[in-house]
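Written out below as structure tokens is the structure these notes cover.
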Amino acid sequence: MERLLDRAAPQPLARGVWRGSRTASRWLHYTLPGAWAALAFACLSFTPSLLPRSGPFQGLVSGISAVIGYGLGVLGAWLWREFANRPARVASLRAWRGFFMVGSVALVAALAMGWHWQAGIRERMGMPHPGRAGYLFAPFVAALLFFLLVAAGRGLRALYRRLDARLARHIGPRAARATSGLVVAALTVLFASGVLWDGLISLADRTLAVQDKTTAEGVHPPRSALRSGGPGSRVGWETLGREGRNFVGRGPSVEELSALTGTTAKEPIRVYAGYASAPDAEARAELAVEDLERAGGFQREYLLVVTTTGSGWVVPESVDAFEYLTGGDSAIVSMQYSHLWSWLSVLVDQQRAREAGRALFDAVYERWSRLPEGQRPKLLVFGESLGSYGGETAFSGERDLANRTDGALFVGPPNFNTLYREFTDQRDAGSPEVEPIYRDGRIVRFSRRPGEEIPPASAPWGDSRVLYLLHPSDPITWWSPGLLLRRPDWLREPRGDDVSSAMVWLPFVTFWQVTADLPLGMEVPQGYGHVYTGEHVDGWLALLRPEGWTNEKTARLREHLRPEP
């Protein structure tokens with residue numbers, strides 16, 4: 001047994017590298033192949049991605065990258081020794097000195113180039129640069145995180161060896177090693193997915209569920225019967241959630257609508273069902289349609305079905321623009337299906353978004369289709385981010401969208417959207433992925449800047465129009481597991497003007513870089529990343545084509561809806 005434990009103990013380092021007790025060396029020992037791979041991955045993490053990063057955040061990305069590289073380096077060295085039938089060798093002091101010399105130069109160069117690339121990305125997006133001092137925090141954060149995560153891995157190895165030694169007393173050594181490895185692997189997976197990941201999701205959900213009980217300053221229960229939570233509404237004000245109360249408690253007044261459009265406006269109808277309004281998606285959808293019918297939403301000229309983002313957020317600039325362009329002769333209906341932030345919902349709330357989008361549109365369409373043809377409002381659909389995924393799920397393709405709606409606006413679609421991927425993958429030859437053309441743009445079109453001509457400008461566009469708005473620098477749109485092993489078209493073809501020309505595809509590295517961009521999508525100015533505030537006016541103009549609308553009104557509306565800095 002002692003020989004078995006001695007054989008499992010880590011190899012000592014070369015004299016002069018580190019000294020200390022046997023226990024200390026076990027935790028401070030690093031293999032040279034793993035160190036080289038960690039260095040390579042850490043340096044590559046400074047290469048440009050889609051969005052700019054602060055120094056501490058870059059350190060977080062670099063530290064995790066180095067740990068991944070170290071693990072792959074150790075694994076690769078072990079596999080090579082196994083196939084070559086060679087024992088492990090202790091790296092010489094000279095080899096370690098060479099590593100530290102090369103590593104120091106490489107890290108300084110990567111840090112300098114990384115700062116240069118970050119400055120270029122910020123310049124493209126009109127963002128101020130925080131300066132070199134803040135970026136110098138990156139290597140310190142990376143080193144601390146690297147040591148902590150490797151130590152955690154060593155703890156798992158120690159657990160494996162202890163379990164192996166105990167099991168070897170009762171079963172054969174091979175069976176003990178296999179059983180110990182399986183147990184530790186299973187515990188690691190269960191802890192990572194069941195404790196860390198699920199714990200994060202559960203904590204975020206509980207925290208945001210508590211926030212759902214609060215009301216933003218200046219938002220009060222509506223006095224109008226045309227709003228959910230108001231007089232006669234079948235949806236209680238207290239069940240709407242924070243975002244639902246924001247939606248029905250805000251929006252342009254009749255006076256504001258008339259002042260901007262120069263015409264007599266109507267008071268818009270806004271209907272919403274919160275997560276607490278009914279027990280499931282189907283019940284919430286039915287409740288929302290009942291309240292929509294009560295408020296007279298099916299007697300308006302325009303009816304808009306909105307699938308929210310994860311937290312129940314209805315993009316205010318989009319629905320406000322819709323009401324201005326329709327002169328208030330509109331009804332908007334939506335409902336909540338989650339509490340989570342948008343970027344986190346993209347990863348974990350796809351099923352609930354699909355159920356909510358399909359349930360709400362089907363419930364509205366069932367009631368709408370029973371009306372006489374001449375008395376039906378124009379039916380439109382809107383979804384942003386994960387809301388676009390939910391909004392798509394009610395339809396089977398472009399013809400279904402055209403046959404059952406008068407238009408759809410989908411903004412910032414995630415890469416896994418079924419119809420978005422179908423339209424993009426089957427795009428016309430010669431059109432780029434960042435702005436594809438699908439079947440000559442007869443129904444579905446894509447735009448980065450809808451205020452300009454939407455390609456193909458020379459081809460006819462039908463009465464029922466579907467428009468996708470996307471930014472080349474939006475990580476929500478481009479994040480995909482396919483980035484692990486395949487260079488995407490959006491990096492092979494001419495890229496968008498907000499994506500650094502220095503960004504290249506590298507196996508696994510690009511996937512991890514774009515993954516790290518996900519929580520930064522809303523931390524950039526409008527027109528970049530996942531911030532689409534300025535494009536909704538032009539998107540709705542392309543779909544609604546209101547009579548008598550002028551460029552002057554468009555400019556005034558854009559300025560009016562511009563969020564305060």
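Numbering of residues begins at 1 and proceeds along the displayed sequence.
- Cation-pi geometry between Arg354 and Tyr389 is not met at under 6.0 angstrom from the ring centre and within 45 degrees of the axis.
- Under a cutoff of 6.0 Å and an axis angle of 45°, Arg376 and Trp368 form a cation-pi pair.
- Two residues are said to be in side-chain contact when any heavy atoms from C-beta on lie closer than 4.5 Å; Arg445 and Arg465 fail this criterion.
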Validation: residues 511-523 side-chain donor-acceptor distances under 3.5 Å, sequence neighbours left out:
unit_1 : atom_1 : unit_2 : atom_2 : d
Trp512 : NE1    : Ser65  : OG     : 2.7
Gln513 : OE1    : Arg53  : NH1    : 3.0
Gln513 : OE1    : Arg53  : NH2    : 3.0
Gln513 : NE2    : Ser45  : O      : 3.2
Gln513 : NE2    : Thr47  : O      : 2.8
Gln513 : NE2    : Thr47  : OG1    : 3.3
Thr515 : OG1    : Trp479 : NE1    : 2.7
Thr515 : OG1    : Phe511 : O      : 2.7
Asp517 : OD2    : Ser49  : OG     : 2.3
Asp517 : OD2    : Leu50  : N      : 3.1

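- Looking at Val411 and Glu535, their side chains never come closer than 4.5 Å, going by heavy atoms from C-beta outward.
- There is no side-chain donor-acceptor pair under 3.5 Å between Asn415 and Thr477.
- Between Arg227 and Asp291 there is no salt bridge, since no side-chain N of the basic residue sits under 4.0 Å from a carboxylate O of the acidic one.
- Contact check for Asn417 versus Phe410: no side-chain heavy atoms found under the 4.5 Å cut-off.
- Listed by first then second residue, pairs satisfying ring-ring contact (aromatic ring centres under 6.0 Å, His included) with a partner in residues 283-325 read Phe322-Trp540, Tyr324-His560, not counting sequence neighbours.
- The shortest distance between side-chain heavy atoms of Leu287 and Val235 falls below 4.5 Å.
- Look at Arg449 and Glu452 and you find no salt bridge, because none of the NZ, NE, NH1 or NH2 atoms lies under 4.0 Å from a carboxylate O.
- In summary, Arg358 and Asp362 do not engage in a salt bridge, as defined by a charged side-chain N under 4.0 Å from a carboxylate O.
- Proximity of a side-chain donor or acceptor of Arg284 to a complementary backbone N or O of Ala278 within less than 3.5 Å is detected.
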